Number of protein chains: 2
Amino acid sequence: MQLEEIKSKFERFLRQKGYKITRGRFEIIDKIADYGPHFEIEELVRWIANQNRSIASRSTIYRTVRLLQEFGAIREVIKLGNRTIYEFTAGKPHHEHLICVQCGKIIEFYKEEIEELQDKVCEEHQFTPLNHRLEIFGICSHCKAKSHED
Amino acid sequence: MQLEEIKSKFERFLRQKGYKITRGRFEIIDKIADYGPHFEIEELVRWIANQNRSIASRSTIYRTVRLLQEFGAIREVIKLGNRTIYEFTAGKPHHEHLICVQCGKIIEFYKEEIEELQDKVCEEHQFTPLNHRLEIFGICSHCKAKSHED
DNA sequence: AGCTAAATGAATATCATTTTCAATAGGAGG
DNA sequence: CCTCCTATTGAAAATGATATTCATTTAGCT
Ligand SMILES: [Mn+2]
Ligand SMILES: [Mn+2]
Ligand SMILES: [Zn+2]
Ligand SMILES: [Zn+2]
């Protein structure tokens, strides 16, 4: 289980930054890990609020997600309309996404060659890449099949 | 000059949809074409408002940008924070972007091989791609040089 | 235990974008 | 050219995600 490892690294991160170790922050990490691979903050806020014991307010959840991004355990992966979908990168290898615009399904993929070509492009432009995001929007096989039914 | 061509195709599009041909819509196209390759709507609204004769209200500008997206002359190319950067695709070939997180500079590029690999990935997942966006965030050569000065 | 700065929650603000609604203007038909 | 119907427009208000404010609480040091 690497969740504990991430939490202890996060603890070190907080200490080093002079931030405090609070129960709320670690409970939010647990909830995010429980929630699933991809989430929207509002969705998470509602999900947490619907549980017996509310562990943190909306403000704290937003603040903690920001902190976890700074730390590097969370990244923004899809931006569509006014929605931002995050993911808990927690030891997961880097990857990109196919997003079904019909049903919202998210498929993950990784193509080494695409990554290499990106580095090549950056070199050609003397550009120092920090991060990137490749979003492919389209129709998943399930939705495709369904639309042929009628 | 293909701007005129685009406008006449847009006119056909409007007619076909049962929409009306209004002066405002075409003046907004002219302004967008004048403005530059990439724009944010609020920026455009302010820019248009600062000109002698105001050609359209904020609402109409938003509505027209949406219409032009539907028509296919404009696409969302970068989403960073709460900012959306659009571009007038007006006959321009498809491309992706490098975005300097320091100065905001946008560099365009196109790599045929990346496009092909994307199609391959989609096939592998029986996914029908409609459109995609590859954003590479980093530091441009100019900002890099500047940060080495001190 | 006592002190101080950081964290928290609730309410409020912000910012981009959308919607509402009353007034106006295309454009089809006469 | 006139009339009527409907789409469009502008201004203001609403929305929705996220950020900020501020009074209160808490972590962590002495
Ligand atoms: Mn993912
Ligand atoms: Mn571009
Ligand atoms: Zn689907
Ligand atoms: Zn730069």
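Letters A, B, ... mirror the listed sequences (proteins, then strands); counts begin at 1. The structure presented is a predicted model; accordingly, all values stated were derived computationally and were not measured.
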Carboxylate-amine/guanidinium contact A/Glu27 A/Arg53, below 4.0 Å: yes

Whole-Å distance separating the OH atom of A/Tyr62 from the P atom of C/dT14: 18 Å

Please report the distance, rounded to the nearest Å, between CG in B/Asn82 and C1' in C/dT18. 16 Å

Short of 4.0 Å, heavy atom to strand atom, which residues of residues 63-78 of chain A count as contacting DNA chain D? A/Arg63, A/Arg66

For B/Thr89 against B/Gly72, the heavy-atom pair lying closest together: OG1-O, 3.3 Å

Are the side chain of B/His38 and the backbone of B/Gly36 linked by a donor-acceptor contact shorter than 3.5 Å? no

Separation of atom CZ in B/Phe39 from atom P in C/dT17, rounded to whole Å: 10 Å

Under a 3.5 Å distance rule, please check whether B/Ser57 uses its side chain to pair with a backbone N or O of B/Thr60 as donor and acceptor. yes

Quick check on the hydrophobic clustering: are B/Tyr19 and B/Tyr62 connected, directly or via other members, by side-chain heavy-atom contacts under 4.5 Å? yes

Single-linkage hydrophobic cluster, 4.5 Å side-chain cutoff, B/Leu14 and B/Leu3 together: yes

Distance, rounded to the nearest Å, where B/Glu11 contributes CD and C/dG26 contributes P: 13 Å

Once you round it to whole Å, what is the distance between C1' of C/dT17 and CD of B/Glu40? 13 Å

A/Leu98-A/Ile139 co-clustered via ILVMFWY side chain contacts under 4.5 Å: no

On DNA chain C, does the nearest nucleotide to B/Thr84 precede the nearest nucleotide to B/Arg23 from the 5' side, or the other way round? Give the residue. B/Thr84

Can you tell me if NE2 on B/His142 sees more than 12 non-hydrogen neighbours from other groups inside 6.0 Å? no

Say whether, by atom type as modelled, one donor and one acceptor occur between the side chain of A/Glu135 and the main chain of A/Ile99 under 3.5 angstrom. no

Enter the inter-axis angle for the ends of the helix from C/dA1-D/dT30 to C/dG30-D/dC1 (five pairs per end, rounded to 10°). 30°

Taking for each residue the nucleotide of DNA chain D with the nearest heavy atom, is it A/Arg58 or B/Thr60 whose nucleotide lies nearer the 5' end? B/Thr60

Determine the interplanar angle of the B/Trp47 and B/Tyr35 rings, folded into 0 to 90°, and report it as parallel if under 30°, tilted if 30 to 60°, perpendicular if over 60°. perpendicular

Is the distance from OP1 or OP2 of C/dT18 to the nearest side-chain N or O of B/Ser59 less than 4.0 Å? no

At a heavy-atom distance below 4.0 Å, which nucleotide of DNA chain D is the first touched by chain B, and which is the last? D/dT6 to D/dA12

Mind checking whether A/Lys111 and B/Glu124 have side chains closer than 4.5 Å, heavy atoms only? yes

Using heavy atoms to find the nearest nucleotide of DNA chain C for B/Ile41 and A/Gly24 separately, return the residue whose nucleotide is more 5′. A/Gly24

I need the NZ-P distance between B/Lys79 and C/dC15, as an integer number of Å. 18 Å

Quick one: does A/Leu134's side chain get under 4.5 Å of B/Glu96's, heavy atoms only? no

Which residues pass the ring-ring contact (aromatic ring centres under 6.0 Å, His included) test with B/Phe39, sequence neighbours left out? B/Tyr86

Grab the CZ-C1' distance between B/Arg46 and C/dA16 for me, whole Å please. 11 Å

Find every protein N or O atom lying less than 3.5 Å from an N or O atom of nucleotides 27-30 of chain C, and list the pairs.
from   : atom 1 : to      : atom 2 : distance (Å)
C/dG27 : OP1    : B/Ile21 : N      : 2.9

Sequence neighbours left out, what pairs pass ring-ring contact (aromatic ring centres under 6.0 Å, His included) with at least one residue falling in residues 109-136 of chain A? A/His94-A/His132

Measure the distance from CZ on B/Phe26 to C1' on C/dG26 and round it to the nearest whole Å. 13 Å

